> 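To start, I am sharing the structure in question, which I have written as structure tokens.
Remember, predicted model here, so these are calculated numbers, not experimental data.
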Amino acid sequence: MMAFLHRIASTMRPGGRRGKRGIALGCCVASLFLVGPRASAFDASEQRNVAAVTAPLPMFKDPRAALRIGLENYHAGNTKKSLEALRYAADGGESLAQWKLGRMYADGDGVARDDAKAYSYFSKLVEHFAEDEPSPRERLMAAGAFVAVGVYYLEGIASAQVAPDISRAFDLFRYAATYFGNADAQYNLARMYLDGNGVVKDARQAANWLDLSARKGHAPSQALLGHLLFNGEAGGPPQRARGLMYLTLARETAGDRQSDQWIVDLHASALARASEADRKAAVALLEFYLAHRD
């Protein structure tokens, strides 16, 4: 926007690129007033058309005001006005506007899904918060941006010419997992260790990250950690009761979405193989967990 205003201003200076064109345009406008009979020949509809053409485009007081208007229109269901305001705010450096637009394009929320645009907005936040300390109110948003960009780097984005970069994804996840304590980052980091994706395969390290995330109530982490513990795949002997406890917690959180079906299946499989003693011990652990969390 500032670059646009700068270009317009330059054409109005005597030495501007289009100074002569500006003078010629001024002469043409003046001639309309010099020819009296022609001006009186306009009818009401023509006057309305001229007014519509020359009416100024809607502007916002400042990026912060545009952010407020954009969010109000978003919640009111007016996507067109919301996008206009949020883009203005995002171009003005409003982090929340960049985050909101990133999420809208990533989820196809009111707009066509566009991973290239989502990546662009999230990347701006990563660049910003990599240097500037986020405020307490911005920490969740900042962490989410690091995770979102990390996920994009896992597979790349053809439309944005972003090639997969597993090392970059790992660094982003690790930063969000350690600095922000973000549960999604900890889960993604655990999956990389569990699959040996870009790092040496390490089930114990994966279980440690899953444990941190599971304690925050992150259902996918609870399900995967429970599965590892129940089957003795977490770097130690099986912990069937504790594993079943975490699987039960995850199952209670999981909804009817297709994306949660794997959680339902893991819980059902463990429950079918658990002994009566395993189930009773899991119930006792679950009661203790619920009574002492937070």
Side-chain angles (χ1 to χ4, degrees), residues 103 106-107 136 139-148 150-151 154 169-170 172-197 199 201-294:
R103 283 264 52 97
D107 301 334
R139 287 181 64 85
L140 186 61
M141 175 180 64
F146 275 82
V147 174
V151 170
L154 285 177
F170 179 83
L172 288 164
F173 291 147
R174 181 171 58 182
Y175 184 82
T178 55
Y179 184 69
F180 295 112
N182 182 270
D184 288 322
Q186 292 166 345
Y187 172 75
N188 281 286
L189 205 56
R191 290 302 303 256
M192 295 186 76
Y193 275 114
L194 195 60
D195 300 334
N197 186 15
V199 294
K201 193 171 184 178
D202 190 334
R204 188 182 294 275
Q205 186 77 282
N208 289 338
W209 285 114
L210 288 172
D211 184 64
L212 290 173
S213 184
R215 291 175 185 273
K216 297 180 177 72
H218 191 262
S221 295
Q222 292 173 336
L224 192 52
L225 177 61
H227 174 74
L228 295 177
L229 292 172
F230 188 88
N231 292 303
E233 299 174 13
Q239 300 180 49
R240 297 172 76 89
R242 186 163 175 246
L244 187 56
M245 178 202 74
Y246 274 122
L247 281 165
T248 302
L249 284 169
R251 176 64 184 89
E252 289 301 311
T253 304
D256 296 327
R257 297 171 299 181
Q258 185 62 36
S259 59
D260 289 335
Q261 187 58 44
W262 69 277
I263 295 177
V264 176
D265 293 341
L266 286 182
H267 175 260
S269 175
L271 193 62
R273 291 182 291 129
S275 66
E276 186 65 24
D278 293 333
R279 296 184 185 186
K280 289 182 177 179
V283 169
L285 288 174
L286 184 59
E287 291 175 347
F288 181 85
Y289 176 90
L290 294 175
H292 292 83
R293 67 178 179 179
D294 299 330

> For the backbone of Asn197 and the side chain of Asp195, can you confirm whether one donor and one acceptor N or O come within less than 3.5 Å of each other?
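No, Asp195 side chain to Asn197 backbone: no donor-acceptor pair under 3.5 Å.
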> Nearest 0.5 Å, please: how far is CZ in Phe173 from CG in Leu189?
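Between Leu189 CG and Phe173 CZ, I get 8.0 Å after rounding to 0.5 Å.
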> Can you name the nearest heavy-atom pair linking Ala223 to Leu266, along with the distance?
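Shortest heavy-atom separation between Ala223 and Leu266 comes out as O-CD1, 4.1 Å.
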> Compare every heavy atom of Leu229 with every heavy atom of Gly243, then report the nearest pair and how far apart it is.
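So the two residues come closest at CA-CB, 3.8 Å.
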> A side-chain contact here means heavy atoms from C-beta on lying under 4.5 Å apart; do Val147 and Asn182 qualify?
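Counting from C-beta outward, Val147 and Asn182 do come under 4.5 Å.
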> Under 4.5 Å between any side-chain heavy atoms of Val199 and Phe170, yes or no?
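Contact flag for Val199/Phe170 side chains = yes.
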> Could you tell me the separation between the CZ atom of Arg215 and the CD atom of Gln186, rounded to the nearest 0.5 Å?
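It is 11.5 Å, given to the nearest 0.5 Å.
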> Using modelled atom types only, decide if a donor and an acceptor are shared between the side chain of Asp260 and the backbone of Asp256 within a distance under 3.5 Å.
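Pair absent, no side-chain N/O of Asp260 close to backbone of Asp256.
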> For Gln261 and Asp265, which I'm curious about, is there any donor-acceptor pair between the side chains at under 3.5 Å?
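Looking only at side-chain atoms, Asp265 and Gln261 do form a donor-acceptor pair, the distance falling under 3.5 Å.
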> Less than 4.5 Å apart, side chain to side chain, heavy atoms only: is that true for Leu285 and Leu244?
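Side chain of Leu285 against side chain of Leu244, heavy atoms only: no contact under 4.5 Å found.
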> I want to check something: taking the side chain as every heavy atom from C-beta on, are Leu249 and Tyr289 in contact at a cut-off of under 4.5 Å?
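Answer yes - side chains close enough.
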> Locate the shortest heavy-atom distance separating Tyr246 from Gln222; write the atom from each residue and the value.
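Scanning both residues completely, I find the closest heavy atoms to be CB-O, 3.4 Å.
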> So, taking the atom named CG in Leu210 and the one named CD in Gln205, what distance separates them when rounded to the nearest 0.5 Å?
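The distance works out to 10.5 Å.
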> Please report the C-alpha distance between Tyr187 and Trp209 in whole Å, then the side-chain angles of each, then the deciding distance to 0.1 Å, and finally whether the side chain to side chain contact (heavy atoms under 4.5 Å, CB included) criterion is met.
CA-CA 7 Å; Tyr187 172 75; Trp209 285 114; over 6 Å; no
> I need the minimum non-hydrogen distance between Asp278 and Arg240, along with the two atoms involved.
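Answer, listing the atom of Asp278 first, then Arg240: OD2-NE, 3.1 Å.
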> For the atom pair OG1 (Thr248) and CG (Leu271), what is the distance rounded to the nearest 0.5 Å?
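Answer rounded to 0.5 Å: 7.0 Å.
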> I need the minimum non-hydrogen distance between Ala207 and Ala234, along with the two atoms involved.
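Looking at all heavy atoms of both residues, the shortest contact is CB-CB, 3.9 Å.
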> Has the side chain of Asp202 got a donor or acceptor atom that lies under 3.5 Å from a matching backbone atom of Arg204?
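The answer is yes, because a donor-acceptor pair under 3.5 Å joins these two groups.
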> Evaluate the ring planes of Tyr175 and Phe180, with Trp represented by its six-membered ring, and classify them as parallel (under 30°), tilted (30 to 60°) or perpendicular (over 60°).
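Taking Phe180 first and then Tyr175, their aromatic rings stand perpendicular (interplane angle over 60°).
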> Are Asp211 and Lys216 within salt-bridge range, i.e. N to O under 4.0 Å?
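No, no charged N to carboxylate O under 4.0 Å.
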> Could you grab the distance from atom CG of Leu194 to atom CG of Leu224, nearest 0.5 Å is fine?
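Here the interatomic distance stands at 5.5 Å.
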> Where do Ala282 and Ala241 come nearest, in terms of heavy atoms and distance?
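Answer, listing the atom of Ala282 first, then Ala241: CB-O, 3.5 Å.
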> Check each of Lys280, Glu287, Arg279 against Val283 using the side chain to side chain contact (heavy atoms under 4.5 Å, CB included) test, and report the only one that passes.
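With Val283 as partner, Lys280, Glu287, Arg279 yield a single side chain to side chain contact (heavy atoms under 4.5 Å, CB included), made by Glu287.
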> Return yes when atom CG of Leu290 has more than 12 non-hydrogen atoms of other residues, nucleotides or ligands closer than 6.0 Å, and no otherwise.
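Atom CG in Leu290 is packed in, count exceeds 12.
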> With Arg273 as the cation and Phe230 as the aromatic partner, state whether NZ or CZ is under 6.0 Å from the six-membered ring centre and within 45° of the axis.
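Not satisfied by the 6.0 Å and 45° rule.
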> As an exercise, state the distance from CG of Asp184 to OG of Ser221, rounded to the nearest 0.5 Å.
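That separation rounds to 8.0 Å.
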